[in-house]
Amino acid sequence: MDKPYQAMSGVEVLPAHFPIPGVGFLPINAFVIKAREPVLVDTGMGIDSGQFMKALESIIDPQDLKWVWLTHDDADHTGNIQKVLEAAPSARLAANSLAVLRMSTAWSVPMHRVYWLNSGDSIRVGDRKLTAVRPPLFDNPTTVGIYDDKSEVFFSADCFGAIIPSPAQNADDLTEKDLAQGIMSWASLDDPWVHMVEPTVFSKALDRIRQMAPKMIFSAHLPPAQRKTEQLLELLARVPTSTPFVAPNQMALEQILAQTGGGS
Ligand SMILES: [Fe+2]
Ligand SMILES: [Fe+2]
């Protein structure tokens with residue numbers, strides 16, 4: 001875990017950077033929306049557990065949280081969900097209905113605290129409305145992003161992610177080349193189905209974000225990106241016809257282990 005920071009008025013980032021040997025770092029962000037009814041968006045990685053709770057407590061007393069919104073039920077988003085729900089007894093757990101059912105196979109989800117939010121549904125959190133929006137790219141069928149109508153920003157779940165050369169707090173800190181390479185290769189590796197999609201059909205999904213015109217994009221896997229929506233959409237538009245990502249094989253693992261001395 002890295003030190004939390006404020007990305008804009010009312011939005012705090014709980015950042016981590018997961019090292020990918022030989023490639024760089026995958027940002028793994030959770031967020032606190034300091035709405036009148038405060039919202040935690042995702043709960044980090046289980047491997048960070050103690051640090052995540054400390055980072056959260058440095059931003060807000062968990063007892064004050066009114067909502068914990070899981071964008072989907074992948075492990076890098078649900079890592080500390082049980083700890084958070086224990087520490088935040090007033091919080092409802094907002095998530096796609098299928099995400100809740102899937103999680104129920106691993107732990108006992110307190111259903112009386114659950115709020116099922118599917119794409120298109122909204123909740124009012126005091127001073128703003130949060131709407132569930134399925135992002136154009138997703139690696140899990142339960143994925144919902146969040147549009148915040150007060151801040152006019154979009155929390156995009158895994159969409160717009162990138163593996164980056166070194167940790168960063170702002171997408172502006174990346175070179176254009178690193179941003180483009182990172183965004184396109186992440187999209188291909190995280191969403192291999194995109195290569196089976198007609199570019200014209202995919203561009204309609206991109207247009208929905210274009211029409212929303214968020215001032216900032218808060219991806220779980222990219223440093224916060226301000227005034228970059230069009231640039232990011234143009235990069236994603238190129239992915240369906242780009243060369244598909246090929247996962248590293250056993251030979252690559254042996255090379256990594258030899259380099260890092262982890263093979264013995
Ligand atoms: Fe995911
Ligand atoms: Fe993720």
Side-chain angles (χ1 to χ4, degrees), residues 10-11 29-43 65-74 76-78 81 91-104 109-161 187 190-191 193-194 196-222 224-225 229-230 232-233 236-237 239-240:
V11 178
N29 300 318
F31 304 94
V32 173
I33 306 173
K34 290 205 157 167
R36 196 168 305 140
E37 295 182 11
V39 184
L40 172 65
V41 179
D42 289 336
T43 65
L65 280 175
K66 292 287 182 277
W67 296 93
V68 179
W69 184 324
L70 294 177
T71 59
H72 57 304
D73 64 338
D74 283 353
D76 51 326
H77 302 255
T78 63
I81 182 64
R92 305 279 304 264
L93 169 59
N96 172 282
S97 51
L98 293 180
V100 174
L101 293 175
R102 285 158 51 121
M103 284 191 297
S104 300
V109 179
M111 293 303 285
H112 63 285
R113 295 178 64 182
V114 165
Y115 193 108
W116 278 354
L117 267 169
N118 300 329
S119 188
D121 296 340
S122 298
I123 51 171
R124 294 209 165 268
V125 293
D127 57 347
R128 68 195 76 196
K129 184 170 79 169
L130 303 180
T131 301
V133 177
R134 175 181 265 183
L137 289 177
F138 49 88
D139 66 0
N140 173 318
T142 72
T143 300
V144 282
I146 306 169
Y147 181 70
D148 171 343
D149 73 343
K150 183 175 183 201
S151 303
E152 299 176 70
V153 299
F154 184 46
F155 296 85
S156 65
D158 290 353
C159 188
F160 305 112
D190 198 45
D191 312 287
W193 55 264
V194 72
M196 296 186 282
V197 177
E198 274 291 330
T200 49
V201 175
F202 186 53
S203 73
K204 285 184 188 147
L206 299 178
D207 280 344
R208 285 196 277 280
I209 305 301
R210 195 168 270 125
Q211 282 150 17
M212 184 195 291
K215 289 179 178 161
M216 284 187 82
I217 288 183
F218 292 112
S219 170
H221 301 310
L222 185 75
T229 302
E230 186 54 37
L232 297 181
L233 291 171
L236 289 194
V239 178

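Owing to the predicted nature of the structure, the values given are computational and were not obtained by experimental measurement. Values below: every heavy atom of this structure, side chains too, minus hydrogens, waters and symmetry copies.
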Do [X] and [Y] come close enough that some side-chain heavy atom pair is under 4.5 Å?
X	Y	answer
F155	D42	no
L70	T78	yes
Y147	E152	yes
F160	P135	no
D149	T131	no

Donor-acceptor side-chain pairing of D158 and H72 below 3.5 angstrom: yes

Donor on one side chain, acceptor on other, H221 and D190, under 3.5 Å: no

Pairing residues for K150 by the side chain to side chain contact (heavy atoms under 4.5 Å, CB included) criterion, not counting sequence neighbours: D127, R128, D148

I81 vs V68, side-chain contact (heavy atoms from CB on, under 4.5 Å): CA-CA, chis, key distance, verdict: CA-CA 8 Å; I81 182 64; V68 179; 3.8 Å; yes

Hey, does the side chain of [X] reach the backbone of [Y] with a donor-acceptor pair shorter than 3.5 angstrom?
X	Y	result
S119	V133	no
S97	W116	no
R92	V114	yes
D74	D76	no
D191	F138	yes

Results of ring-ring contact (aromatic ring centres under 6.0 Å, His included) for F202 - residues two or more places apart only: none

Closest non-hydrogen atom pair, [X] against [Y]:
X	Y	answer
V144	A157	O-CB, 4.5 Å
T143	D139	OG1-N, 4.5 Å
F218	P224	CE2-CB, 3.7 Å
H77	A220	CE1-CB, 3.4 Å
V100	A95	CG2-CB, 4.0 Å

So, taking the atom named [atom1] in [X] and the one named [atom2] in [Y], what distance separates them when rounded to the nearest 0.5 Å?
X	Y	atom1	atom2	result
C159	I217	SG	CD1	7.5 Å
K66	I123	NZ	CD1	13.0 Å
S151	M216	OG	CE	10.0 Å
I209	F154	CD1	CZ	4.0 Å
M103	D73	CE	CG	6.0 Å
I146	K129	CD1	NZ	14.0 Å

Note: D207-R210 ion pair, threshold 4.0 Å (strictly below): yes

Do any side-chain atoms of residues 29-37 form donor-acceptor pairs under 3.5 angstrom with protein atoms, and if so which ones, sequence neighbours left out?
{"unit_1": "N29", "atom_1": "ND2", "unit_2": "S219", "atom_2": "O", "d": "3.1"}
{"unit_1": "N29", "atom_1": "ND2", "unit_2": "L222", "atom_2": "O", "d": "3.0"}
{"unit_1": "K34", "atom_1": "NZ", "unit_2": "I59", "atom_2": "O", "d": "3.1"}
{"unit_1": "E37", "atom_1": "OE1", "unit_2": "W67", "atom_2": "NE1", "d": "2.9"}

